[in-house]
Protein chains: 2
Amino acid sequence: MYPKFLRMFSLSEENYLKAIYHLEIISNKGISTNAIAEKLETKASSVSDMIKKLSEKEVIIYKKYQGVTLTDFGKKTAANIVRKHRLWEVFLVEKLNFSWDEVHDVAEQLEHIKSPKLIHELDAFLGFPSHDPHGDPIPDNDGNLKVLEKSLLATLSKNESGVCVGVKDSSAEFLQYLDKKGITLGKELTVLEKEDFDDSLSIQIDGKKLSVSNKIATNLYVKK
Amino acid sequence: MYPKFLRMFSLSEENYLKAIYHLEIISNKGISTNAIAEKLETKASSVSDMIKKLSEKEVIIYKKYQGVTLTDFGKKTAANIVRKHRLWEVFLVEKLNFSWDEVHDVAEQLEHIKSPKLIHELDAFLGFPSHDPHGDPIPDNDGNLKVLEKSLLATLSKNESGVCVGVKDSSAEFLQYLDKKGITLGKELTVLEKEDFDDSLSIQIDGKKLSVSNKIATNLYVKK
DNA sequence: ATTTATTTTTAGACAAGACTAAATTTAATT
DNA sequence: AATTAAATTTAGTCTTGTCTAAAAATAAAT
Ligand SMILES: [Mn+2]
Ligand SMILES: [Mn+2]
Ligand SMILES: [Mn+2]
Ligand SMILES: [Mn+2]
């Protein structure tokens, strides 16, 4: 049998691994079949089938009816796919004039390209970026990622300031809405007022006063 | 997942189209089932199956036992895949420090990425290159390619000169051998002597005299 | 013109990955 | 504790793309 690190994964297997990886980051419990099915927009029965395969390949731990957990090897494999996804997103924005709301679908395809040299060189070409265009950290070659201290805008108090560093919702609609409001990563803002009745905020950004809904405030990360 | 017009063809269908496209360039007759099978390292029966599908999709003309021909639409579709392949090869060599013998396998994967904007922007980013790192022409967005006048080195007469513009064999072994000999695209050379008994050549390149086998002379293109 | 050889197509099987419907296990209520 | 609800797994089917083996058509050789 080939050593683990040479084992190849199909497109489908990679997508399952990535889904589980992302779910583990926010849940810290075993990941349920249904959660995976919802994330991948597939059926629970399909997930159940794939789980067995991944378990045999030793990338997840699985006991029937108990949900799954990534093994160290599985975690590393998944992180590498995320690494590729985010590096490609940086490439598209920095080099090919994509905006941050256009990159995701293309990166979903590019993340499956298999070539260690390609990723190594791309990383260098981009100047070893630490975060993608949405403020998400890029795992290093060993799968480790250093998580930046960040808070939701909604958690800032009156008169407190912060710099935009990421988004929680990275849907094209939300990103375009932020663009329209002139809110982009790197910009500093200050909370001028907090309204109790609808939890909206009045903020100062680019020297201008701007009203911001709770929906935005709970989906935009800032660094205090 | 992707818009319908972008996923008309599966990975497998694209590879068949490309194979037929390449075979048509050198054969100008109907392309046989066996020829396709050999090119794709698959079985004739598999080709026979796929041919029916492609015929129904109107990218090839097919009459039983008569071989196949690309329709205009099929030709355009195939040319677009070749366009992507060659643009990516340029990218890998020009931007990511790949050498010309390392790019093919990665380009085989990248050519299937579906995003018109990606290719348009990549083309611009690379400065609208006309040829790939092996001297092969890059089809334009409509699938047209202008073929450069070129001759095999073996066809040069004594004292005739030319500039290296392409390779017929683009295997990694041949390309590496050319590298070792110091023969790269763009270099000028002059035929000093032609040996009759083994059809080898003595050429002048970079101010130095070099002996070149018939194998090289019949796989290297020059522009007179 | 037959016979032989080669090429191509058909028939039937298989693996991956998805689905629906049914069965089973676990969780939640009464 | 018993019943109901929800989550999960199993059983069986389907599509895509591949294969081997056998049949049919074409090409080559006598
Ligand atoms: Mn993304
Ligand atoms: Mn991202
Ligand atoms: Mn190539
Ligand atoms: Mn090439």
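Per chain, numbering begins at 1; letters A, B, ... match sequence-line order. The structure presented is a predicted model; accordingly, all values stated were derived computationally and were not measured. Excluded from the calculations below are hydrogen atoms, water molecules and symmetry mates; all remaining heavy atoms, backbone and side chain alike, are included.
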Contact letters for nucleotides 2-10 of chain D, in which S counts primed atoms plus P, OP1 and OP2 and B counts the base, heavy atoms under 4.0 Å
-----SSBB
State which residues pass ring-ring contact (aromatic ring centres under 6.0 Å, His included) with B/Tyr16; sequence neighbours excluded, sorted by chain then number.
none
In whole angstrom, what separates B/Glu14's CD from D/dT16's P?
16 Å
Which whole-number value in Å describes the distance from B/Phe9 CZ to D/dT16 C1'?
16 Å
Validation: residues 212-221 of chain B side-chain donor-acceptor distances under 3.5 Å, sequence neighbours left out:
unit_1   : atom_1 : unit_2   : atom_2 : d
B/Ser213 : OG     : B/Lys215 : N      : 3.4
B/Ser213 : OG     : B/Ile216 : N      : 3.3
B/Thr218 : OG1    : B/Asn214 : O      : 2.9
B/Thr218 : OG1    : B/Lys215 : O      : 3.3
B/Asn219 : ND2    : B/Lys215 : O      : 2.8

Tell me the interatomic distance from B/Lys43, atom NZ, to C/dA11, atom P, rounded to whole angstroms.
21 Å
Residues forming a ring-ring contact (aromatic ring centres under 6.0 Å, His included) with A/His85, sequence neighbours excluded:
A/His104
What is the separation between atom CE on B/Met50 and atom C1' on C/dT9, rounded to the nearest whole Å?
16 Å
Pairs of donor and acceptor atoms involving the side chains of residues 35-47 of chain B, under 3.5 Å and at least two apart or interchain, shall be tabulated with distances.
none

Just to confirm, is there a sub-4.0 Å distance from OP1 or OP2 of D/dT18 to any side-chain nitrogen or oxygen of B/Tyr16?
yes
Can a side chain N or O of B/Ser12 be found less than 4.0 Å away from OP1 or OP2 on D/dT16?
no
What is the ring orientation for B/Phe125 with A/Phe91, classed by angle as parallel under 30°, tilted 30 to 60°, or perpendicular over 60°?
perpendicular
Can you tell me how far P of D/dT18 sits from CD of B/Glu13, to the nearest Å?
10 Å
Quick one: list whatever passes salt bridge (Lys or Arg N to Asp or Glu O under 4.0 Å) with B/Glu24, sequence neighbours left out.
none
With respect to the phosphate group of C/dA16, does any side-chain polar atom (N or O) of A/Ser10 fall under 4.0 Å of OP1 or OP2?
no
Separation of D/dT16 C1' from B/Leu54 CG (nearest whole Å):
13 Å
Grab the NZ-P distance between A/Lys57 and C/dA15 for me, whole Å please.
15 Å
